[in-house]
Amino acid sequence: MLIIREIVLWPNHGQPFSNIGATLTGLLYVSLPMALLSVIAYGSGHFEPGRVFCLIFFVWAADTGAYFAGKNFGKHKLAPSISPGKTWEGWAGGAALTLVTGWAAGYFLPDIPLSHRLVAAGVVAVFGPLGDLAESMLKRSAGVKDSGTFLPGHGGCSTASMLFCWCCRCWPYCKHSWVVSR
């Protein structure tokens, strides 16, 4: 289908390989992490939706903590050429709130040991901001400033889904430690 589209549009759109590459990259960027959700949900051999909800809460905690800490204490820019509003202090606040959320998740997921929840929260605390920066880079290259304004500090559904997708790529590496402990 992509090749047919490029053949039809060839004279007016002279970059067929770039167009096909961008389309396939976009497809994989979202579909691969969504496919990895089954690895997270079925990590122990049976379906546990709490693990997916835990990931969602970790991502949201990282984003919320980063927003409020960066807004109140942010002085040192994290990556000014990609996202001028992001600061190291915001990252630290997001990491702290994510780890607290990892600890608090024990009340809802008592079957997952504290050490595993904290490792998973740490993975999200590191890779969530990287996903946020990657999405900011993509937005800047497309000439879009914000994905949405529904919640302050949360760039909309696009930003939340990109953070979630980025963390989905990294979280399955925690699966081995969760399964081995049982």
Side-chain angles (χ1 to χ4, degrees), residues 25-70 78-79 82-83 86-88 90-139 146-182:
T25 300
L27 269 169
L28 288 174
Y29 194 77
V30 175
S31 63
L32 179 63
M34 292 299 125
L36 290 173
L37 282 178
S38 65
V39 174
I40 297 168
Y42 288 98
S44 61
H46 63 281
F47 182 64
E48 292 184 57
R51 291 174 186 254
V52 176
F53 287 116
C54 191
L55 174 62
I56 291 169
F57 287 129
F58 288 175
V59 169
W60 201 23
D63 212 19
T64 302
Y67 174 74
F68 286 111
L78 181 64
I82 296 174
S83 186
K86 291 183 182 35
T87 63
W88 284 102
W91 174 81
L97 187 58
T98 305
L99 291 171
V100 168
T101 304
W103 170 78
Y107 293 105
F108 305 104
L109 298 169
D111 60 319
I112 300 174
L114 175 63
S115 60
H116 298 169
R117 292 190 317 267
L118 291 179
V119 166
V123 167
V124 170
V126 170
F127 288 100
L130 288 176
D132 201 9
L133 287 172
E135 199 243 343
S136 293
M137 183 178 61
L138 292 173
K139 287 191 308 188
D146 281 324
S147 301
T149 56
F150 181 64
L151 293 172
H154 298 274
C157 291
S158 172
T159 300
S161 65
M162 287 300 182
L163 289 175
F164 184 69
C165 290
W166 194 264
C167 291
C168 282
R169 287 180 180 88
C170 304
W171 189 314
Y173 297 109
C174 296
K175 173 189 169 234
H176 179 69
S177 67
W178 287 8
V179 173
V180 169
S181 69
R182 292 188 175 216

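Quick caveat, the model's predicted, so the values are computed rather than measured.
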Under the ring-ring contact (aromatic ring centres under 6.0 Å, His included) test, which residues partner Trp88, sequence neighbours left out?
none
For Thr87 and Leu78: C-alpha separation, side-chain torsions, deciding distance, then whether side chain to side chain contact (heavy atoms under 4.5 Å, CB included) applies.
CA-CA 5 Å; Thr87 63; Leu78 181 64; 5.6 Å; no
Between Ser83 (side chain only) and Leu133 (backbone N and O only), is there a donor and an acceptor less than 3.5 Å apart?
no
For the CZ atom of Phe53 and the CZ atom of Phe108, what is their distance to the nearest 0.5 Å?
12.5 Å
Indicate yes or no for a side-chain donor-acceptor contact from Trp91 to the backbone of Val126 under 3.5 Å, with no hydrogens or angles considered.
no
Test log, rule side chain to side chain contact (heavy atoms under 4.5 Å, CB included), inputs Ile40 and Glu48:
CA-CA 8 Å; Ile40 297 168; Glu48 292 184 57; over 6 Å; no
When rounded to the nearest 0.5 angstrom, what is the spacing between CH2 in Trp60 and OG1 in Thr98?
13.0 Å
Closest non-hydrogen atom pair between Ser136 and Lys86, with its separation:
OG-NZ, 3.7 Å
Thr64 side chain vs Ala61 backbone, donor-acceptor pair below 3.5 Å:
no
Using the test side chain to side chain donor-acceptor pair (under 3.5 Å), find all partners of Thr101 that sit at least two apart in sequence or belong to another chain.
none
Could you tell me whether the side chain of Ser31 reaches within less than 4.5 Å of the side chain of Met34, counting heavy atoms only?
no
To the nearest 0.5 Å, what is the distance between CG (Leu99) and CZ (Phe58)?
8.5 Å
Could you pull out all residues at least two apart from Phe47 that satisfy ring-ring contact (aromatic ring centres under 6.0 Å, His included)?
Tyr42
Measuring from atom CD1 of Ile112 to atom CG of Leu118, what distance do you get when rounded to the nearest 0.5 angstrom?
11.5 Å
I'd like to know whether Asp132 forms a side chain to side chain contact (heavy atoms under 4.5 Å, CB included) with Glu135, so could you lay out the CA-CA distance, the side-chain angles of the two residues, the decisive distance to 0.1 Å, and finally the verdict.
CA-CA 5 Å; Asp132 201 9; Glu135 199 243 343; 4.2 Å; yes
